A.B. asks: 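Below you'll find the structure I mean.
This structure is a prediction, so every number in the text was calculated from the model and none was measured.
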Amino acid sequence: MKAQNKSIMQTNLSIALAHLLGETIPTKASTAHLEDIVNALMESLTRGAIYLPITKTIPPIELNANGWPEDHLSALRNSGWLGEDNSPIVLEENRLSWKRWDSEMKSVIKELIKKSTIHPDIGGAQEGENHARSYKNLNPEQLLAVKAITNQNVILISGGPGTGKTSTIAQMLIELISIKPLSKIGLAAPTGKASRRLQETLETSFNGVEQDYRSKLKNVPCQTLHKWLKAKDDGFAKNKLNQLELDLLVIDEMSMVDLNIMKGVLNALPNNSQLVLVGDPNQLPPIGPGAVWNELQSDSIRLKFKKSSITLNKLYRNRGEIAKLAKTLKENDFRNFWESVHKMPASSNVDVHLSNKKELPSFIHNKLVTHQIKLKQLVKQNRQKIENELREDLFSKTNTFTEISKEIIKTLEELIVLSPKKFGLWSVQHIHRSILGEKLDAGVRHWPEGTPVICGENQPELGLANGDIGVIIGNGESAHLLFIVISEYKELTPLIIQPERLRTIDPAFALTIHKAQGSEAKEVILLWPNEIYFSNSKIPIPRNPQYEKSLMYTAVTRAKSRLSLIFPENEAIKSSG
């Protein structure tokens, strides 16, 4: 019902906007066709996409006028809304966009290309024998990235999971510090969860490095982009007049970075500072408008970055059939994906279940309850040590409790249950209701110990970011929340906090696929309430097939060791077998 109301509101807003444009730029073109175009552009923005591909296969929305796309484009060309200086809409390369968003995207890309032409101030970039020895473990593409840190101001590193992106970043940092020991380096990701994962992975990569380098590398700060930019309600405190004091900024999970954030980064970063952008273009676009990383990965734009645009293809982590499914999604459509699912051997690390969408499969409920009990028992085993810490200050400083906390959070992150939907059947809410029942609405103090929770807002005063995952320790009035955050001392540190201090807190037995970006788990269970459609069947294909592919790809690639896919029983699936 909520999704239906949202759709009605969006349609009404689109109609009102179309009428306003008609008053501003009077036209004799078909109003119904123009309203469809405005509605399609607005719907695209709700998914973070500022560009709407025009295809003949299926309209992007339900239409009020016939003749998609020829009649719609004809009406647009005759409207005066296209091609003039004051026109609100742009049509280029078979893509429609609002001129405002198109101009901003082009401006950001242009600035990045211009920045890439500046030669970095590295000094005498000579390879020493120590660096050459470390090169033996790098493939040719990784070696290009490491060499680029000595002579490129902007470096783009693209690759899927397991292609060595983080280890490449580690080697680039080692190279830079070996040449310029006093370099001021910053590490960033769009979410707290992603920045913590980046820090954890890099710390592992630094373990075999010489002590002098390791001590410097472990002091490199890793924060969310919002924290680096000092985000405020009306913008960023770090800007052209108050820039970051950095020689190098590395941004991971670039697929989640929208136009507004990217503009903020370019304003806050000095011209001569180096910028390394890392991401997977096949993941979901950002929630906010403007998939910057997707634009940067287009063939025509990548050519303009020349040697500083690098793609990592070699897989270093064996994920079995999970990796094969991800590759199929990346290179093909849903029919190929479904055929691959059916051809998997019984020994595969991917399970497939067909179930009635009106009910939550019992094995998921049992698995989540078992996982919660495991967390509760882990807390119980360390009850006395935990209670001792609750008497201390907000950030625990004892090594013992730090290790206990890391073990609890590591256990928490062994399992992720995902859905593309927040509400409705097989949604995140459906899962939470099945586990917590009436307690779901009663609030966090009524949720049992061991319940996973998610922070819903950035709260920099607490060291928490939107999307951070924690767990409830204790019950009722004695309940606290435990998180692992990156402290002001640049260390992964336990944070114990009263639930009331969080402005928005939700259970996290399940997450939307969007919320899971930037994280991985040993085991992932995906509930897919969306029907699987095929282009050569009588059932229509999805209105946004690329978006659905990105959803599925992002969900599949969260799994490190095991993946369970649950699809609804329906005629579309049965007909494909």
A.B. asks: Just checking, is any N or O donor in the side chain of Gln223 or Ser195 under 3.5 Å from an acceptor N or O on the other one?
C.D. replies: no

A.B. asks: Once side chain to side chain contact (heavy atoms under 4.5 Å, CB included) is applied, do any residues pair with Ser298, and if so which ones, sequence neighbours excluded?
C.D. replies: Ser300, Ile301

A.B. asks: Do Ile364 and Phe509 have side-chain heavy atoms sitting under 4.5 Å apart?
C.D. replies: no

A.B. asks: Using salt bridge (Lys or Arg N to Asp or Glu O under 4.0 Å) as the criterion, list what pairs up with Asp102, not counting sequence neighbours.
C.D. replies: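 Scan of Asp102 (salt bridge (Lys or Arg N to Asp or Glu O under 4.0 Å), adjacent residues dropped) gives Lys106.
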
A.B. asks: Do any side-chain atoms of residues 288-295 form donor-acceptor pairs under 3.5 angstrom with protein atoms, and if so which ones, sequence neighbours left out?
C.D. replies:
unit_1	atom_1	unit_2	atom_2	d
Trp293	NE1	Gly279	O	3.4
Glu295	OE1	Arg95	NH2	3.4
Glu295	OE2	Arg95	NH1	2.9

A.B. asks: Is there a side-chain contact between Leu527 and Ile431 (heavy atoms, below 4.5 Å)?
C.D. replies: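 Result yes, sub-4.5 Å side-chain heavy-atom pair found.
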
A.B. asks: Would you mind writing out the side-chain donor-acceptor pairs for residues 245-257 within the sub-3.5 Å range, not counting sequence neighbours?
C.D. replies:
unit_1	atom_1	unit_2	atom_2	d
Asp247	OD2	Lys184	N	2.7
Glu253	OE2	Arg197	NH1	3.4

A.B. asks: Please tell me whether Lys549 and Asn282 have a donor and an acceptor in their side chains that are separated by less than 3.5 angstrom.
C.D. replies: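 Asn282 and Lys549 do not have a side-chain donor-acceptor pair below 3.5 Å.
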
A.B. asks: Do we see a donor-acceptor contact under 3.5 Å between the side chains of Glu461 and Gln459?
C.D. replies: yes

A.B. asks: Got a sec, which residues hit salt bridge (Lys or Arg N to Asp or Glu O under 4.0 Å) with Lys232, two or more places apart in sequence or on another chain?
C.D. replies: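 Residues passing salt bridge (Lys or Arg N to Asp or Glu O under 4.0 Å) with Lys232: Asp234.
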
A.B. asks: Heavy atoms, side chains only, cut-off 4.5 Å: are Gln517 and His514 in contact?
C.D. replies: yes

A.B. asks: Please enumerate all residues that pass side chain to side chain contact (heavy atoms under 4.5 Å, CB included) together with Ser561, with sequence neighbours excluded.
C.D. replies: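 With sequence neighbours excluded, Ser561 shows a side chain to side chain contact (heavy atoms under 4.5 Å, CB included) to Lys522, given in chain and number order.
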
